[in-house]
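In what follows, a structure is listed as C-alpha cells, so that the remarks can point back to it.
Each chain gets a letter, A, B and so on, in the order the sequences are listed, and its residues count up from 1.
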Protein chains: 2
Amino acid sequence: MRRNSFISREQDYALRMTAFLAGLPKGEFISVPKLAEKLFISQKFASRIIHKLKKTNITDSIQGKYGGVFLKADPKKLSMYDVLNTIGFKVKFNDCLKENFVCELMFGCKFHSFWINEEKLLIDKLKSQKFSDYILQEQNN
Amino acid sequence: MRRNSFISREQDYALRMTAFLAGLPKGEFISVPKLAEKLFISQKFASRIIHKLKKTNITDSIQGKYGGVFLKADPKKLSMYDVLNTIGFKVKFNDCLKENFVCELMFGCKFHSFWINEEKLLIDKLKSQKFSDYILQEQNN
DNA sequence: TTTAAACATAACCTTTTAGGTAATGTTTAG
DNA sequence: CTAAACATTACCTAAAAGGTTATGTTTAAA
C-alpha cells in the first residue's frame with residue numbers, strides 16, 4: 001500500500017537497522033536475516049538496504065558463512081541525515097526547489113522563500129540528530 | 001512528470017490561485033480560464049481546484065456568462081494551512097504517525113517522537129502564514 | 001428565447017513510483 | 001564440497017499523482 005510520507009519505508013527501515021546496529025557491543029555483528037527478523041523487514045529488502053549503507057561506509061560486513069553486518073561509522077557522529085541521504089533522500093518541500101525546475105511565476109512568488117527556509121530548518125535538524133541518541137534495542141535484554 | 005514533493009502540484013496551484021485572488025481589488029473577480037492562464041495551470045484542473053476551495057468557503061463564485069471567482073475569506077486570517085488542508089493535506093513525516101498504523105517496534109523506537117515534533121513545528125508554521133503576506137500580482141501592473 | 005461563456009461535478013485515463021520479490025551471483029567456515 | 005551468508009541486478013505490481021474528458025447548469029445579452 002502506498003502511503004506517501006515525507007520519508008519512505010525504505011528510509012525508515014534504514015534508520016531502524018542503523019539504530020539497531022548502533023546498539024551492538026563493539027566487535028559484534030549480526031546476519032542480515034536475523035536483523036531483518038528483529039526489525040520486521042523482509043530479508044531481501046533488508047539486504048538491499050544494507051548494501052546501500054555499506055557503499056557509503058555507514059556499515060561494513062563480513063562475508064561468507066557465519067558472516068554478518070555491523071556499524072562502521074561512529075554513532076556519535078553519524079546523523080539521521082547521513083542515513084536518509086544514502087537511501088536517496090531527495091525530497092523537496094515543493095517542486096520549485098528542485099534542480100532544473102523552471103517556475104513560471106518568476107514575478108513575486110513569495111512561497112518560494114518560505115519553502116527554502118523550512119527545508120533548511122528540517123535538514124539542519126536531521127544533521128544534528130546523531131545515532132548515539134537513537135539506539136534501538138530488543139525488549140527482553 | 002511525477003516528482004514527489006512534500007506538497008503536491010494541486011496544492012501548489014491552490015496556493016497560487018488563492019494568493020492571486022487575494023491581490024484582486026475588493027469587489028472584483030476573475031474567470032477561471034483567465035486565472036488559469038495567468039498562473040500557468042490547465043483550465044479544467046484549475047476549475048476543479050477552485051471548486052474545492054469554494055466548498056470550504058475560501059473562495060466564492062458568480063455563475064453564468066461574465067461570471068468568475070473571488071476570495072471569500074479574509075486574507076489576514078486565511079493561512080497556508082487552511083488552503084493545503086482543503087486540497088487534502090494529509091502528509092505525515094513518517095508512516096508511523098498515521099492513524100491506524102501499527103508499529104512493530106513498540107520497544108524503544110525514539111524516532112517516533114522526533115517525527116511528531118517536527119511535524120507539529122511545520123504545521124504550526126503553516127498556520128501562522130497568512131495570505132495577506134503572500135499576495136501574488138502580475139508583472140506589468 | 002436562444003446562445004455563448006462562464007461555473008459545477010463526476011468519471012476516466014496514463015505515467016511514475018514505492019515497495020517489494022526473484023534470480024543469480026560470490027565468498028568463506030567447516 | 002557445501003551450506004549459509006553477503007552482493008547485485010532485474011523485474012513486478014498496486015496505487016497515487018496529475019491530469020483530461022464529458023456533461024451538466026447558470027446567466028447575460030443579442
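Dashed line: the shortest gap from a side-chain N or O of A:Ser42 to OP1 or OP2 of C:dT21 is under 4.0 Å. The side chain of A:Ser31 contributes no N or O atom lying less than 4.0 Å from OP1 or OP2 of D:dA4. Of the side-chain N and O atoms in B:Lys44, none sit less than 4.0 angstrom from OP1 or OP2 of D:dG19. Residue B:Ser61 has a polar side-chain atom (N or O) positioned under 4.0 Å from OP1 or OP2 of C:dA8.
Rounded to whole Å, the distance from CZ on B:Phe29 to C1' on D:dT27 is 12 Å. Taking atom CG on A:Asp12 and atom C1' on C:dG19, their separation rounds to 13 Å, with Å as the unit.
In the set C:dG20, D:dC6, D:dT20, the nucleotide with an atom closest to the side chain of B:Arg48 is D:dT20. Here D:dC6 is the nucleotide among D:dC6, C:dC7, D:dA7 with the atom lying nearest to any side-chain atom of A:Pro33. Checking C:dG19, C:dC7, D:dC6 against the side-chain heavy atoms of A:Ser8 singles out C:dG19 as nearest.
When hydrophobic clusters are built by joining Ile, Leu, Val, Met, Phe, Trp and Tyr residues whose side-chain heavy atoms come closer than 4.5 Å, directly or via intermediates, B:Phe29 is not grouped with B:Leu21.
Among the heavy atoms of the strands lying under 4.0 Å from A:Tyr13 are primed sugar atoms or P, OP1, OP2 only; no base atom is included.
Listed by first then second residue, pairs satisfying salt bridge (Lys or Arg N to Asp or Glu O under 4.0 Å) with a partner in residues 65-82 of chain B number zero, not counting sequence neighbours.
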Between the protein and nucleotides 28-30 of chain C, which nitrogen or oxygen pairs are less than 3.5 angstrom apart?
{"from": "C:dT28", "atom 1": "O2", "to": "A:Lys65", "atom 2": "N", "distance (Å)": "3.4"}

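For the pair B:Arg9 and B:Asp12, the salt-bridge criterion is met [side-chain N within less than 4.0 Å of a carboxylate O].
In terms of polar N and O atoms assigned as donor or acceptor, the side chain of B:Arg9 never comes within less than 3.5 Å of the base of D:dG19 in a complementary pairing.
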